[in-house]
Amino acid sequence: MNKAMTADKLGVGVIGTHAWADKAHLPGYAAHERVNLVAVCDIDEGRARAAAAKFGAARVYTDAAAMIADPEVQMVDVCTPTHTHLPLSLAAIDAGKHVLSEKPLHTEASPAFDAAARADARGVRTKLGFTFRYSPAIRQLKTWIADGTLGEIYHIHGSAQNSQWLDPDFPLRQVAPGAPRDRLIPSSIIGYGSHLIDLMRWLGGEFASVASTMRNFIPERVVRGEPGRQKILIEDGAVAIVEYASGAQGLLQTSYIAVGNYPGVELRVYGSKGAAIARLISEFDVAETLHLARADAVEFRKVEIGADALPPGTTLATPWPELYYRNLVRHFVDEILEDRPQECTFFDGAKSQEIVDAIILAHRERRWVDVGA
Ligand SMILES: NC(=O)c1ccc[n+]([C@@H]2O[C@H](COP(=O)([O-])OP(=O)(O)OC[C@H]3O[C@@H](n4cnc5c(N)ncnc54)[C@H](O)[C@@H]3O)[C@@H](O)[C@H]2O)c1
């Protein structure tokens with residue numbers, strides 16, 4: 001057993017201290033009384049120092065390997081750009097540290113499955129940053145499915161969409177250098193779809209088979225680091241239909257250009273006894289809403305999300321990145337300290353990636369694709 005499991009507090013070190021760490025990860029550690037924020041690390045020393053001062057980290061590193069080797073760091077948080085997630089996570093695993101990584105762990109499923117197995121072999125825990133699993137409304141949906149409130153599940157409809165890139169002059173961040181300019185670059189299905197697929201799989205079980213269509217709607221855009229508008233066929237809208245292994249049906253939409261606010265995640269679950277809608281869209285200072293209908297009372301009624309479902313010190317007016325990440329961090333730290341069952345691990349990240357790949361292949365080959373085949 002890792003010595004962390006018997007301790008009152010968990011020693012945490014965070015790698016990457018910029019925008020998302022500042023908005024989501026670091027507030028979570030600062031708010032949890034069972035966290036000892038041992039260190040922060042960034043190759044930009046000024047950023048690391050500012051974050052240490054703001055969130056109360058004891059030490060500052062500019063070299064991730066040195067921070068991972070710090071004996072007081074028991075859990076490593078990787079909040080750096082995508083291409084660094086896997087190597088930094090593997091370094092943490094090999095050093096015997098628990099690790100939380102931002103998604104995706106890797107842009108291919110196979111190295112992500114390998115990392116999950118390596119963590120299991122090393123006896124450390126992993127968590128992937130699937131933010132929306134830690135929405136109170138989504139967790140209530142999961143409970144209603146598990147306790148039979150909704151009955152047998154027939155349909156799950158999910159969307160992850162907002163108008164973040166409706167304006168072609170709002171710079172795209174995550175285009176790989178040298179990406180081809182003459183063919184469709186799967187994008188919303190990766191950026192937004194990986195979250196949504198994880199939620200749909202968590203709620204409905206394994207996907208058996210998928211069919212899909214994807215397209216580019218805005219052919220010229222500004223790409224971060226490049227001058228002016230570029231011709232680039234970013235996939236900014238994707239639709240998939242899903243056959244679950246259970247026999248349930250799924251419908252999935254991701255979009256960068258659908259008018260609406262952040263984060264724009266909505267899940268509708270229809271079962272033999274009831275149906276529920278979780279709407280994670282920040283509107284008028286409310287992060288999310290939840291509605292429930294029953295077979296014998298078919299009008300959807302609003303269900304209040306009580307204070308006991310929210311992380312301590314938050315309300316539904318707390319900005320969603322902080323609200324959900326405070327919950328995510330709390331779950332992971334408590335899972336480790338109390339030796340609770342794992343959830344939302346690197347394995348789940350790899351499964352989500354596998355399904356993204358199947359959806360892309362289904363579009364390219366215009367056919368049904370069995371997941372994992
Ligand atoms: N889960 C979510 O909902 C969600 C939302 C937003 C962003 N993200 C992800 O979070 C991650 C971070 O996002 P961001 O917007 O803060 O990125 P960013 O590029 O603005 O910041 C990353 C920071 O990491 C530092 N860094 C890079 N390589 C490093 C290394 N090897 N060692 C130490 N520091 C290093 C950089 O100097 C920078 O300060 C990305 O992977 C992004 O996709 C996830």
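In listed order, ligands and their atoms are each counted from 1. Worth knowing before you read on, the calculation uses all heavy atoms, side chains too, and leaves out hydrogens, waters and symmetry mates.
- Taking any N or O of Ile15, backbone or side chain, none lies under 3.5 Å from an N or O belonging to ligand 1.
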Verify side chain to side chain contact (heavy atoms under 4.5 Å, CB included) between Phe113 and Gln353, making sure each step is shown before the conclusion. CA-CA 10 Å; Phe113 279 119; Gln353 188 69 43; over 6 Å; no
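- With distances taken over non-hydrogen atoms, the option nearest atom 40 (C) of ligand 1 out of Thr80, Leu128, Leu88 is Thr80.
- Here the side chain of Lys127 pairs no donor or acceptor atom with the backbone of Phe346 at under 3.5 angstrom.
- Under the 4.0 Å distance rule, the nearest protein heavy atom to atom 34 (N) of ligand 1 falls inside the cut-off.
- Polar contact check, Ala19 against ligand 1: a nitrogen or oxygen pair lies under 3.5 Å apart.
- Heavy-atom proximity to atom 37 (O) of ligand 1, evaluated over Asp44, Asp42, Val78, Thr62, is greatest for Asp42.
- Heavy-atom proximity to atom 44 (C) of ligand 1, evaluated over Glu45, Glu102, Lys103, is greatest for Glu102.
- Judged by distance alone, with hydrogens and angles left aside, the side-chain atoms of His85 form a donor-acceptor pair with the main-chain N or O of Glu102 at under 3.5 Å.
- Among the atoms of His85, some N or O lies under 3.5 angstrom from an N or O of ligand 1.
- A heavy-atom separation below 4.0 Å is not found between Lys23 and ligand 1.
- Alongside Ile281, the hydrophobic cluster contains no other residue (criterion: ILVMFWY side chains under 4.5 Å).
- With no hydrogens or angles considered, no side-chain donor-acceptor pair links Ser159 and Glu266 at under 3.5 Å.
- A cation-pi arrangement is present between Arg215 and Phe217, with the terminal nitrogen or guanidinium carbon under 6.0 Å from the aromatic centre and inside a 45° cone about the axis.
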